[in-house]
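Notes for the one structure printed next.
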Amino acid sequence: MMRWLRDLPRERADILLLLLAVAMVLAPHAGHFPPWLSVAMAVPLLWRAALAVGNKRQPPLGWLMLLAMLAISGVHLSYGSLLGRDPGVAMLALLLSLKSLEMHGRRDVFVLVFICFFLLLANFFHAQGLLSAVWMLATLIVLLAALLSFHFGPVQPRWPARLRLLGRLLALALPLSALLFFMMPRLASPLWGKAGMGTQGMTGLSDSMQPGAIAQLARSNDPVFTAHFTTALPPQGALYWRGVVLGDYDGATWTRSAASGTPGKIDIVLAGERLDYQVDLLPSGQRRIFALDLPRSIQRLPGNPYVVSPALELLTVQPISSAVRYRASSQIRYRLQAQLTPQQKQPWLALPPGANPRSLAWARQLRAGQPTQQAAIAAVLAHFRQAPFRYTLQPPLLGKDGVDDFLFRTRAGFCEHYAGSFVVLMRAMAIPARVVTGYQGGLRDDTARSITVRQSDAHAWSEVWLPDQGWVRIDPTSQVAPMRTERNLDAALPAAPAQAGGWRPLQSLNHAWQRAEQGWQRWVIDYTPERQRALFDAVLALQARQVAAACALLAALAATAGALLWWQQRPGRHPGAALDQLYARFCRLQARRGHSRAPHEGPHGYAARLAASPASPRAHDAMARFLAIYAAMKYGNASPDEHTRARRELRRLLTLCR
């Protein structure tokens, strides 16, 4: 295979390299297009590759026009329009693949490459994570390598030389790109269309819960938010990020209760130390922000105020369509609503009539044998801990009476099964109870004092109301899978056979990658106008000594960059540059004689005009010979040794051209 590629003519090998770059540009978009569109993009590329390998002629323009019209019609049928973000990207992708069948010269190649640059940027509409950035960087390198291949003459340098040139180009461009990234004014709203288009990081939590919902969400490792603590990191078992409080139950699905949103005074007594942290929340398209249970203060979001429900849910007025940052304070120890009237308790005691009769009968029987509510709660938790319950991401299907099936038949479920069934048992015992969904735990970085919460940290737990204690959090899942709250989801689930031996290096690599993603999200994706202003304010607040040190560092970097640039462009480094310097000296010499070179004149035209100028035969011969050698070296395929000999001869002839 490699020998076949080496034996392929250079022109056709360059075309295959360019087609590879085009395929890498289009690949991330394929998952966001209709299936027919992905096939329609791939077929022209494969067709063009086959034509290049077989050295066949490209299809006539009429066929291409017909294919283009069919593609435009297909996009209109799929999207209902040719305008807008998604149909626009689809059109550009189709035209790019069809353009590969219409490459006849270098101009067409450059048009193809420039379209690739636009589509490469359009990938940010769909994904902005670190993995996507790495893929785009690799695509950019292949694309620039293909562009350089078409820039060279008939004789190209070897691949190592071309890659070194590509590396130098990137080394010169990256500092300028970083400077523009930090210094250019940031936009406060999405660049394309209305807010909310193309947002990533959907939280997945909804205002309802049914068996299996959170288990599906927990299969994703997408980040949701990152919390940076200014105080000490709390223990893992205390990391309950409050989301939605569910109180209405119809026998299958839990939904938000009207009591959760009833306005009124919230009775809270706080105790213990305060936790202060900053949350970087990814866009979700929902009206929900998160804080550690229990939030005591939240910074107001600019342009999108929030409200706090009596159940301490944090809901914004507008959906969160872009990354937001806010400061929060929380208490792990508290007493919430220690006094409730019978009317206030009633919504948290309601059960659907006729549903789960076996569970209700068992709960009432168990309550009759317990002297206090606390003892009844302990008995239910002991049952979860001692009976053969199983924690799994693939729970069996449940029947009409789902809680009965779970407690007495399957005994296998995820956190929503345990939290939901526990609340049903509590209400059957006349103990007010409710379900809370959110996130538990997160990836800790003790060095940076930060915690990254992912979709796989989605969790459901319970709250029961006890006299004089108020709402008390109880997590029945911890009785079955204690490692879920003490460490994480992976530690709680049974290890797969292939992972039982030793995957610690892989786990370390995964944690390192997640920390890198956290840094990418914090320093690149979340570089908002507020963070840019904070950076500028920090620079302006520097003391004179720090400013002098920063200026000295910038001067040293500039000097280093200048030295590297001189090293790359110094005489003798590039044969062509040395030839051009000798040619410039020749032109200045002739200009002093009154025969300046016209801007449009090449070496041969200049030689013809100088032949008619007054000079000695020896000078005429030297000038003609000088320009002939320069033209042969400049536009020919001379070897390095020939260049060296030519430069010596040109220097000698230069002394005879006076």
Side-chain angles (χ1 to χ4, degrees), residues 10-11 14 106 110 144-145 147-173 175-176 555-658:
R10 185 191 61 78
E11 294 82 2
D14 290 344
R106 294 178 64 186
F110 297 154
L144 291 177
L147 184 61
L148 283 177
S149 298
F150 282 96
H151 264 294
F152 285 110
V155 177
Q156 293 194 5
R158 294 181 178 273
W159 268 108
R162 276 187 275 177
L163 292 178
R164 284 195 298 269
L165 176 58
L166 178 59
R168 289 196 294 269
L169 292 175
L170 291 176
L172 292 173
L176 179 60
L557 291 175
T560 304
L564 289 174
L565 185 60
W566 175 86
W567 176 262
Q568 295 297 327
Q569 301 297 333
R570 73 188 191 280
R573 174 69 177 176
H574 301 288
L579 287 173
D580 290 339
Q581 288 180 351
L582 291 171
Y583 183 54
R585 289 173 57 188
F586 175 85
C587 293
R588 289 195 298 270
L589 177 61
Q590 300 307 317
R592 287 197 295 269
R593 294 180 57 244
H595 302 286
S596 300
R597 184 178 67 87
H600 66 277
E601 272 185 323
H604 294 299
Y606 196 21
R609 189 159 62 86
L610 289 176
S613 65
S616 65
R618 182 181 180 186
H620 276 299
D621 183 65
M623 288 186 289
R625 185 167 173 75
F626 182 98
L627 292 172
I629 294 176
Y630 170 75
M633 294 296 105
K634 179 68 175 177
Y635 304 109
N637 299 315
S639 66
D641 291 338
E642 290 175 325
H643 268 277
T644 302
R645 291 194 296 268
R647 287 197 301 272
R648 285 199 299 265
E649 180 64 15
L650 291 178
R651 292 191 190 97
R652 187 187 69 83
L653 292 172
L654 198 60
T655 61
L656 303 176
C657 296
R658 303 181 184 279

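Annotation for L589 and L654: closest pair CD2-O, 4.0 Å, computed over non-hydrogen atoms. When every heavy atom of R597 is checked against every heavy atom of C587, the shortest pair comes out as NE-SG, 3.7 Å. The shortest heavy-atom contact between A615 and A619 is CB-CB, 4.1 Å. Nearest heavy-atom pair, L582 versus R651, reported as atom, atom and distance to 0.1 Å: CD2-CG, 3.8 Å.
Side-chain contact between L166 and L148: present, with at least one pair of heavy atoms (C-beta onward) separated by less than 4.5 Å. Taking 4.5 Å as the limit, some side-chain heavy atom of L610 sits within range of a side-chain heavy atom of F586.
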For residues 598-609, dump all side-chain donor-acceptor pairs below 3.5 Å to protein atoms at least two apart in sequence or in another chain.
residue: E601; atom: OE1; partner: A598; partner atom: N; Å: 3.0
residue: E601; atom: OE1; partner: R609; partner atom: NH2; Å: 2.9
residue: E601; atom: OE2; partner: R609; partner atom: NE; Å: 2.9
residue: Y606; atom: OH; partner: H595; partner atom: O; Å: 2.6
residue: R609; atom: NH2; partner: S596; partner atom: O; Å: 2.6

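From L656, atom CG reaches atom CE of M623 across 11.0 Å, with rounding to the nearest 0.5 Å.
In this view, R652 and E649 satisfy the side chain to side chain donor-acceptor pair (under 3.5 Å) rule, not counting sequence neighbours. In this structure, the side chain to side chain donor-acceptor pair (under 3.5 Å) partners of R593, at least two apart in sequence or on a different chain, are Q590. In terms of the side-chain contact (heavy atoms from CB on, under 4.5 Å) criterion, T655 has no residue partners (sequence neighbours excluded).
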